[in-house]
Protein chains: 2
Amino acid sequence: MAHTQDMLSITFAALADPTRRAILTRLARGEATVGELGEPFDISAPAISKHLRVLEGAGLIEREVDARWRICRLRAEPMHDAHDWLEAYRRHWEDSLDRLVEFVEQTHRAEAKKPGSGAPRVPRKKP
Amino acid sequence: MAHTQDMLSITFAALADPTRRAILTRLARGEATVGELGEPFDISAPAISKHLRVLEGAGLIEREVDARWRICRLRAEPMHDAHDWLEAYRRHWEDSLDRLVEFVEQTHRAEAKKPGSGAPRVPRKKP
DNA sequence: CTATCGATTAACCAAGTGGTTAATTGACAC
DNA sequence: GTGTCAATTAACCACTTGGTTAATCGATAG
């Protein structure tokens with residue numbers, strides 16, 4: 001499986017790890033060496049190395065050799081594509097928000113003291 | 001590993017598969033049964049079932065039982081969070097675009113017929 | 001009651017992932 | 001040259017993932 005993965009899949013997969021996302025967040029503040037990047041995490045250097053290879057494979061960082069240091073910097077372009085893909089669904093999550101607002105307003109309008117049987121399910125707008 | 005994953009990781013992981021993204025795209029057009037969702041793909045029904053469970057686990061779909069059909073519908077809220085996370089990096093990919101435009105303009109301005117040694121690297125704006 | 005249909009569960013498999021420790025490479029400082 | 005530091009590679013491990021086939025479950029049609 002997972003032969004020659006499409007870029008979007010590789011990007012999302014690279015982002016699907018909290019350590020890697022934290023590394024990207026750090027890198028957004030400016031370039032850093034591998035050692036600096038690994039310092040906040042309680043994992044071994046090789047583990048960091050692997051995370052960086054995944055990020056590099058996804059085109060999310062680039063590494064430059066400086067003597068015995070590798071300095072890493074962010075390359076955010078692949079995030080642009082991921083962002084665009086998600087953008088297409090904006091209408092759907094905004095619709096959900098509309099339904100929630102509508103629900104809360106209705107609930108407030110009818111301010112009876114029903115104890116409420118459970119979590120407030122967002123009502124479907126189904127025609 | 002991957003014990004009690006944070007939601008963002010679960011969301012990105014669910015999106016990191018082309019079949020699952022295609023399913024979401026289909027669902028964006030309206031609800032569908034499991035059979036309808038699986039029809040375009042050349043994989044077994046259990047495989048689709050697993051993909052749907054991943055999507056459900058990520059809160060990206062919900063399933064409703066209707067007699068012997070399960071009808072699925074999109075719940076796009078988790079995408080909102082993913083979108084927001086990426087949004088924080090917009091400046092970085094726009095910066096890269098700026099650098100590319102700048103590079104192309106410079107290249108065009110100096111319209112010498114240098115054969116060009118390779119792919120046009122985007123020049124760094126390094127302060 | 002039996003057959004069938006939509007869908008899921010069970011059991012399995014190959015490959016990938018995130019981590020480890022130990023060994024290796026390359027550049028610098030004595 | 002020797003030692004050391006930054007980082008990577010190698011080899012391994014447990015667990016997950018995406019897929020399979022076979023078996024199961026629930027609802028409907030005959």
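Labels below follow one simple rule: chain letters A, B, ... track the order of the sequence lines, proteins then strands, and each chain is numbered from 1.
If you take CG of A:Asp42 and C1' of C:dG18, they are 14 Å apart, rounded to a whole angstrom. Between the CD1 atom of B:Ile43 and the P atom of C:dT8 there is a distance of 13 Å, rounded to whole Å. Whole-Å rounding puts the B:Glu36 CD to C:dC5 P distance at 17 Å. B:Ile23 places its CD1 atom 12 Å from the P atom of C:dA7, with the value rounded to the nearest Å. Going from atom CD of A:Glu64 over to atom C1' of D:dT8 covers 18 Å, rounded to whole Å. Across the protein-nucleic acid pair, A:Asp17 atom CG and D:dC15 atom P stand 18 Å apart, rounded to whole Å.
The closest side-chain heavy-atom distance from A:Glu36 to A:Glu39 is not below 4.5 Å. Side-chain contact between A:Trp85 and A:Leu8: present, with at least one pair of heavy atoms (C-beta onward) separated by less than 4.5 Å. A 4.5 Å side-chain heavy-atom check between A:Thr33 and A:Cys72 finds every atom pair outside the cut-off. Considering only heavy atoms from C-beta on, A:Arg63 comes within 4.5 Å of A:Arg53 through its side chain. Looking only at side-chain heavy atoms (C-beta outward), B:Thr11 and B:Asp81 stay at 4.5 Å or farther from each other. Taking 4.5 Å as the limit, some side-chain heavy atom of B:Met79 sits within range of a side-chain heavy atom of B:Leu24. Between B:His51 and B:Asp17 the shortest side-chain heavy-atom distance falls below 4.5 Å.
Salt-bridge check for A:Arg21 with B:Asp6: passed, with a basic side-chain N closer than 4.0 Å to an acidic carboxylate O.
In terms of phosphate contacts, A:Arg63 brings no side-chain nitrogen or oxygen within less than 4.0 Å of OP1 or OP2 of D:dA7. Applying the 4.0 Å criterion to OP1 and OP2 of D:dG19, one finds that B:Ser44 has every side-chain N and O outside that range.
In this structure A:His83 satisfies the ring-ring contact (aromatic ring centres under 6.0 Å, His included) test together with B:His83, B:Trp93, sequence neighbours excluded.
Applying a 4.0 Å cut-off to non-hydrogen atoms, the residues of residues 47-55 of chain B that approach DNA chain D are B:Ala47, B:Lys50, B:His51, listed by residue number.
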B/S/- contact track for nucleotides 22-30 of chain C, protein heavy atom under 4.0 Å: B---BSS--
